[in-house]
Protein chains: 2
Amino acid sequence: MAAESQRTTTVSSTVEDYLKVVLKIEDMKQRASTSRVARHLDVADATVTDMLRKLKKAGLLEYKPYYGATLTRKGRRMAVRMLRRHRLLEMFLHQVLGYGWEQVHQEAERLEHAVSDLFISRIDALLDYPAQDPHGEAIPDARGFRQVEDDLCLAEAEPGSYIIRKVTNSEAEFLAYLDKVGLRPAIRFSLQEKAPFQGPLKLLPEGGREPVYLGLEASGSIFVVPLKQRPPAPLPEGAASRQAGDRPGRATEKEEA
Amino acid sequence: MAAESQRTTTVSSTVEDYLKVVLKIEDMKQRASTSRVARHLDVADATVTDMLRKLKKAGLLEYKPYYGATLTRKGRRMAVRMLRRHRLLEMFLHQVLGYGWEQVHQEAERLEHAVSDLFISRIDALLDYPAQDPHGEAIPDARGFRQVEDDLCLAEAEPGSYIIRKVTNSEAEFLAYLDKVGLRPAIRFSLQEKAPFQGPLKLLPEGGREPVYLGLEASGSIFVVPLKQRPPAPLPEGAASRQAGDRPGRATEKEEA
DNA sequence: CCCCATTTTTAGATCAGTCTAATAAATTAC
DNA sequence: GTAATTTATTAGACTGATCTAAAAATGGGG
Ligand SMILES: [Mn+2]
Ligand SMILES: [Mn+2]
Ligand SMILES: [Mn+2]
Ligand SMILES: [Mn+2]
C-alpha cells in the first residue's frame with residue numbers, strides 16, 4: 001500500500017539493454033546468470049558481474065553473487081517499457097517506412113533509446129494502437145500490461161494444422177528465409193511430419209505449394225496455435241465467461257503492472 | 001584528381017555534434033574558436049581543446065592552437081550529412097508525426113545520431129524530397145549540395161514588405177511565441193518601423209491584425225526576402241538565364257561537394 | 001567426501017568524454 | 001610598450017563501460 005515512489009529514474013542506453021536482456025531471460029523461465037546475460041549482450045562475463053552489482057545498487061534488480069539477477073518491480077517496469085518501445089518502433093518501421101520484417105530489429109535496437117515518449121505515443125496512434133509487432137510479438141500497452149502468450153513452440157508440436165503466432169528470432173537471414181518460403185505470422189500451415197532423432201520438420205504453408213523442411217533448431221523460434229479442433233474447454237464454475245477477442249488461441253489475459 | 005579515399009569513417013555522436021557546431025560557426029562567417037565551440041556545446045573550454053586536437057588527428061578539421069578550427073573536406077562532408085539528417089528528421093516529425101516547429105529540434109538532435117541511412121532515405125521519399133525544414137532552413141541533398149541562401153537578416157532590413165524565409169533559433173519558447181503572433185516561414189508581413197538606438201521593430205503580419213513588436217535581438221534570427229519591387233537585375237553578358245524556380249528570392253545556386 | 005571442470009568474481013587496465021584549477025599565450029587598454 | 005584582461009592550454013582527476021588474466025566459488029562424478 002506504500003505509495004510507490006514513482007521516481008522516473010533516467011538510465012543509460014546500456015542499462016536499458018541490460019534490463020531488456022534480463023527480462024527476456026526471465027520470460028524464457030531461465031535463471032539470469034552472469035554468463036547468460038553476457039552471452040545475450042556479447043560482452044565479457046566480468047563486465048556483467050560489475051554491471052549487475054551496479055543495477056542492484058540502483059534498485060533495478062536483485063543480485064545474488066554466484067547465482068544471478070532478478071528484476072525488481074522498478075527494473076521490470078523499465079524493461080517492459082523498452083519492450084514496448086522496441087516493438088512499436090518495429091511496427092512503425094515496417095508499416096510506415098516499408099522496412100522488411102528482417103530489417104526492423106536492428107534499427108529499433110538503436111531507436112528505442114533515442115526517441116521521446118511523445119514520439120512513441122504519436123506512432124502508437126498513427127498505427128492505431130497495434131497489439132503485435134511485425135514478428136507477431138505482443139506489444140505491451142502504455143501502462144505496462146502485457147498479453148499472456150498462449151502459443152506453442154513448433155519444436156514441440158505434433159503433426160496437424162496450425163497458424164503462426166510469432167517468430168522469436170531476430171537474425172535477418174533466417175527471417176528473410178522464412179519470408180521467402182511463406183512462413184509469417186497469421187499464416188496457416190500444416191505440420192506434416194517430424195523426422196525422429198532431432199530430425200527436420202516437414203510443413204506445408206497455406207498457399208499449398210512446395211513443402212518446407214525446417215531444422216528442429218529453427219523450429220524452436222516459431223510459435224504456433226493449433227487450428228480448428230478446439231475442445232470447448234469446460235469453464236470451471238465461477239470463472240466469468242470472457243467476452244471479446246476469444247478467437248482461436250488469442251489470449252486475453254494480461255499481467256504486469 | 002587524386003581519387004579521394006571514400007573511407008566512411010565512423011564517429012561517435014559526440015564527434016558528430018562537434019562537427020555540426022564548427023560548420024554552423026563557419027556558416028556564420030565566424031572563427032571556430034575554442035570558447036565559441038564550447039559555448040555552443042555547453043561544455044568546458046578545456047574539453048574542446050582536447051577534442052579539437054583529436055578531430056585534427058582524425059583528419060576532420062584543421063586546428064591551430066590559440067586560433068581555432070577549420071573543417072577539412074572530410075569533416076565538412078560529415079557535418080553537412082548531419083545537417084541533412086537533422087533537418088529531414090525535423091520535417092518528418094513535423095509533417096508525419098504532427099510535432100510543432102518548436103518541438104522538432106530537441107528530438108532531431110538525438111535521432112540524427114541514431115537513425116540509419118535507410119531511415120533517412122525512406123523519410124526523404126515519404127516527404128517527397130523536401131527542400132526546407134520546418135524553420136525554413138535548406139535541407140542539403142543526398143550528395144551534400146546545399147542551396148545558397150540569399151536572404152536578409154530582419155535586423156538589417158529597412159521598412160517595407162517581406163516574406164519570411166527562415167528562423168534560425170531553436171529555443172522552443174521563442175518559436176512558440178512567433179507562431180502565436182503569426183510569424184512563420186512563407187508568411188508575408190510589412191516592416192513598418194524600426195525604433196532607433198537598438199529599439200524594437202514594428203511589423204504587421206499578413207493577416208493584418210495587431211502589429212507585432214520585436215526586439216532587435218529576436219529579429220536577428222529571422223531571415224527574410226523583400227517582396228515585389230524586384231529590380232529585374234540586368235544579366236551580365238554570358239550569364240546564362242537561369243530557368244526553374246526563379247521565384248522571388250529563392251536561390252538556385254548550390255555549393256559544396 | 002574430495003577432485004576437477006565450469007562458472008563467477010576480483011584485480012588491474014584502457015578508452016572516451018568530461019570537469020576544475022592552474023598556467024600560459026594573446027589581445028586590449030592605457 | 002607594459003599591464004590588465006581575456007582566451008586558451010595544461011595538468012590532474014573522475015565516471016561509465018569495457019577488456020584480459022588470475023583467483024575463487026560452485027557443483028557433480030567418482
Ligand atoms: Mn537497444
Ligand atoms: Mn520484434
Ligand atoms: Mn545531436
Ligand atoms: Mn531546423
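Just so it is clear, the structure is predicted and the values come from calculations on it, not from any experiment. In what follows, chains are A, B, ... by sequence order, proteins preceding strands, each numbered from 1.
- Counted by atom type alone, A:D17 and A:H113 present one or more donor-acceptor pairs between their side chains at under 3.5 Å.
- As a whole-Å value, the separation of A:Y18 OH from D:dG16 P is 14 Å.
- A tilted orientation is assigned to the rings of A:F119 and B:F92, their planes being inclined by 30° to 60°.
- Checked options A:E62, A:K56, A:R77; the residue passing with A:T72 is A:E62 (criterion: side chain to side chain contact (heavy atoms under 4.5 Å, CB included)).
- Computed from coordinates, the A:K64 NZ to D:dT26 C1' distance equals 14 Å when rounded to whole Å.
- The interatomic distance linking A:D50 (CG) with C:dT7 (P) rounds to 20 Å, in whole Å.
- Not one side-chain nitrogen or oxygen of B:T49 sits closer than 4.0 Å to the OP1 or OP2 atom of D:dT10.
- Within 4.0 Å of B:S35, counting heavy atoms only, lie sugar-phosphate atoms of the nucleic acid but no base atom.
- A:D45 has its CG atom 16 Å from the P atom of D:dA22, to the nearest Å.
- Computed from coordinates, the A:D42 CG to D:dC19 P distance equals 8 Å when rounded to whole Å.
- C:dA16 atom P lies 18 Å from atom CG of B:L41, rounded to whole Å.
- Screening B:L60, B:V22, B:L55 for a side chain to side chain contact (heavy atoms under 4.5 Å, CB included) with B:L71, the sole residue that qualifies is B:V22.
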Between protein and nucleic acid, restricted to nucleotides 24-29 of chain C and to nitrogen or oxygen atoms under 3.5 Å apart, what atom pairs and distances do you find?
unit_1, atom_1, unit_2, atom_2, d
C:dA25, O4', B:Y66, OH, 3.3

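- Separating the NZ atom of A:K56 from the P atom of C:dT8 is a distance of 17 Å, rounded to the nearest angstrom.
- Within 4.0 Å of B:R53, counting heavy atoms only, lie sugar-phosphate atoms of the nucleic acid but no base atom.
- Contacts of A:R36 with the nucleic acid, taken as non-hydrogen atoms under 4.0 Å apart, are absent.
- Ring to ring, A:H135 and A:W101 are close: their centroids are under 6.0 angstrom apart.
- Contact detail for B:A157 and B:L152: the closest heavy-atom pair is CB-CD2, 4.1 Å.
- Within the 4.0 Å cut-off from OP1 or OP2 of C:dG17, at least one side-chain nitrogen or oxygen of B:S12 is found.
- At whole-Å resolution of the value, NZ in B:K54 and C1' in C:dT18 are 10 Å apart.
- Residues B:H105 and B:H86 place their aromatic rings such that the two centres sit under 6.0 Å apart.
- As judged by a 4.0 angstrom heavy-atom cut-off over every strand, A:T47 is placed among the base-contacting residues.
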